[in-house]
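One structure below.
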Amino acid sequence: MTVIKSIKYLALVILLFVVSGCALSRSVVPVEVGGKAANPITGIDVKIVSVTDKRTFEFRPKTPNIPSVSEDELNNDDIQDRAIARKRNGYGKALGDVLLPEGQTVATLITTSLTNGFRNAGYRVLEPDDPAYNAAIPIKADVIKFWTWVNMGFWQLTVENETEIILQGPIETLKNSTAISNGYKSNYGIVTDTVWQEVTVKSVESLSTKITDILKE
């Protein structure tokens, strides 16, 4: 075996160990987005009446960017509502999953993203206990995609998130229904629970920025 081949083989072995070393078990990862933006003093009043998780999960997807769970959890809504990623080894084999903690779901993350996105665009997002809540414009959102996965590289790993929501509401810029897609990725040498947290936070924040930009068009 040549020196170059030996180095490549050693790098592959290390990569497989790094990716799969702690990947067999489930990770429960709390995600702190940083709170909701303050309401502007003036602006159009809106209320987020529903955020519905409509992601489709598979047991053995052809590609890692498709949400997946173990076979016995294909009908477990509680697990799927909290699932944000699936660990895989260097050969692409699915291992432990990555979940949000109980009480936190993908829908709650998207709600925070929507709230910040609207408020930063100049809209007043009202809560049920606000006096003008009943008269506020209703906003609904369907979550079509929100998933994070790892792309294997020779010297580093690229962790990617893909998000897609359908935003509905009688607002001129939305034209009653608008599909919003967003992507985020970053490179790492090793993927830990902290990485899953970081990528999820950055994905939610970048989606918020994109919502703001669309609403300002």
Side-chain angles (χ1 to χ4, degrees), residues 8 10-35 53-70 73 79-102 104-114 116-117 143-165 179-211 213:
K8 287 183 177 180
L10 178 60
L12 178 60
V13 170
I14 294 173
L15 178 62
L16 293 178
F17 176 78
V18 165
V19 175
S20 62
C22 59
L24 294 175
S25 60
R26 167 176 292 170
S27 288
V28 178
V29 178
V31 175
E32 299 296 333
V33 179
D53 191 340
K54 291 191 174 182
R55 295 177 298 163
T56 300
F57 285 78
E58 298 181 13
F59 169 44
R60 291 176 176 169
K62 294 181 179 179
T63 55
N65 65 315
I66 297 174
S68 64
V69 291
S70 60
E73 291 173 342
I79 293 297
Q80 293 181 26
D81 287 347
R82 296 160 51 207
I84 57 174
R86 189 84 181 270
K87 303 174 190 177
R88 294 178 181 276
N89 65 16
Y91 298 103
K93 177 179 174 57
L95 302 171
D97 46 22
V98 183
L99 304 181
L100 298 170
E102 291 187 11
Q104 189 174 43
T105 65
V106 167
T108 62
L109 293 181
I110 298 300
T111 299
T112 299
S113 186
L114 287 171
N116 290 342
V143 183
I144 309 303
K145 298 178 182 178
F146 188 90
W147 196 248
T148 301
W149 70 97
V150 177
N151 282 321
M152 305 293 178
F154 184 70
W155 294 110
Q156 62 184 5
L157 308 170
T158 301
V159 183
E160 295 191 40
N161 174 277
E162 184 179 20
T163 303
E164 181 183 348
I165 64 172
I180 301 176
S181 297
N182 190 64
Y184 176 84
K185 63 181 179 180
S186 188
N187 297 324
Y188 298 91
I190 181 174
V191 179
T192 63
D193 286 354
T194 301
V195 169
W196 298 119
Q197 287 176 316
E198 179 180 312
V199 172
T200 302
V201 169
K202 294 294 185 182
S203 300
V204 172
E205 291 176 344
S206 63
L207 174 64
S208 178
T209 300
K210 192 159 191 176
I211 291 170
D213 292 341

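By convention here, the first residue in the shown sequence is residue 1.
Within the 4.5 Å cutoff, the side chain of F146 has heavy atoms near those of the V204 side chain. Within the 4.5 Å cutoff, no side-chain heavy atoms of V201 are placed close to those of E32. Side chains of I84 and V106 form a contact here, defined as non-hydrogen atoms less than 4.5 Å apart. Under the 4.5 Å side-chain criterion, counting only non-hydrogen atoms from C-beta, L157 is not in contact with N151. Residues I144 and R55 are not in side-chain contact: their nearest non-hydrogen atoms beyond the backbone lie 4.5 Å or more apart.
Residues meeting the side-chain contact (heavy atoms from CB on, under 4.5 Å) test with T56, sequence neighbours left out: none. With sequence neighbours excluded, no residue forms a ring pair (Phe, Tyr, Trp, His ring centres under 6.0 Å) with W196. For K210, there are no side chain to side chain donor-acceptor pair (under 3.5 Å) partners two or more places apart in sequence or in a different chain. Judged as a salt bridge (Lys or Arg N to Asp or Glu O under 4.0 Å), and not counting sequence neighbours, E58 has no contacts. For Q104, the side-chain contact (heavy atoms from CB on, under 4.5 Å) test picks out V31, L100, P101, T108, L109, with sequence neighbours left out. Every residue was checked against the salt bridge (Lys or Arg N to Asp or Glu O under 4.0 Å) condition with E160, not counting sequence neighbours, and none meets it. Residues meeting the side chain to side chain donor-acceptor pair (under 3.5 Å) test with T148, sequence neighbours left out: N161. A search for side chain to side chain donor-acceptor pair (under 3.5 Å) contacts involving D193 returns S27, not counting sequence neighbours. Among residues two or more places apart in sequence or in another chain, the salt bridge (Lys or Arg N to Asp or Glu O under 4.0 Å) test is passed with D81 by none. Remark: K54 pairs with D142 by the side chain to side chain donor-acceptor pair (under 3.5 Å) rule, at least two apart or across chains.
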Show every donor-acceptor pair shorter than 3.5 Å between a side-chain atom in residues 180-191 and any protein atom, with sequence neighbours excluded, or say none if there are none.
unit_1 : atom_1 : unit_2 : atom_2 : d
N182   : ND2    : S206   : OG     : 2.8
N187   : OD1    : T158   : OG1    : 2.7
Y188   : OH     : E198   : OE2    : 2.7

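Here the OG1 atom belonging to T192 is positioned 8.0 Å from the CD atom belonging to Q197, to the nearest 0.5 angstrom.
In the model, E73 has a side-chain atom that pairs as donor or acceptor with a side-chain atom of S70 under 3.5 Å. No side-chain donor-acceptor contact under 3.5 Å links R82 and T105.
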- Item | Pair V69-F59, side chain to side chain contact (heavy atoms under 4.5 Å, CB included): steps then yes or no | CA-CA 6 Å; V69 291; F59 169 44; over 6 Å; no
I165 and L114: side chain to side chain contact (heavy atoms under 4.5 Å, CB included), yes or no, with the steps? CA-CA 10 Å; I165 64 172; L114 287 171; 4.0 Å; yes
Practice item. Start with the C-alpha distance between V29 and T200, add both sets of side-chain angles, then the distance that settles side chain to side chain contact (heavy atoms under 4.5 Å, CB included), and finish with yes or no. Key: CA-CA 10 Å; V29 178; T200 302; over 6 Å; no
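No donor-acceptor pair under 3.5 Å is formed between the side chain of W147 and the backbone N or O of R86. Side-chain N or O atoms of S113 include one that pairs as donor or acceptor with a backbone N or O of S208 at under 3.5 Å.
A salt bridge links D97 with R26: the distance from a Lys NZ or Arg NE/NH1/NH2 to an Asp or Glu carboxylate oxygen falls below 4.0 Å.
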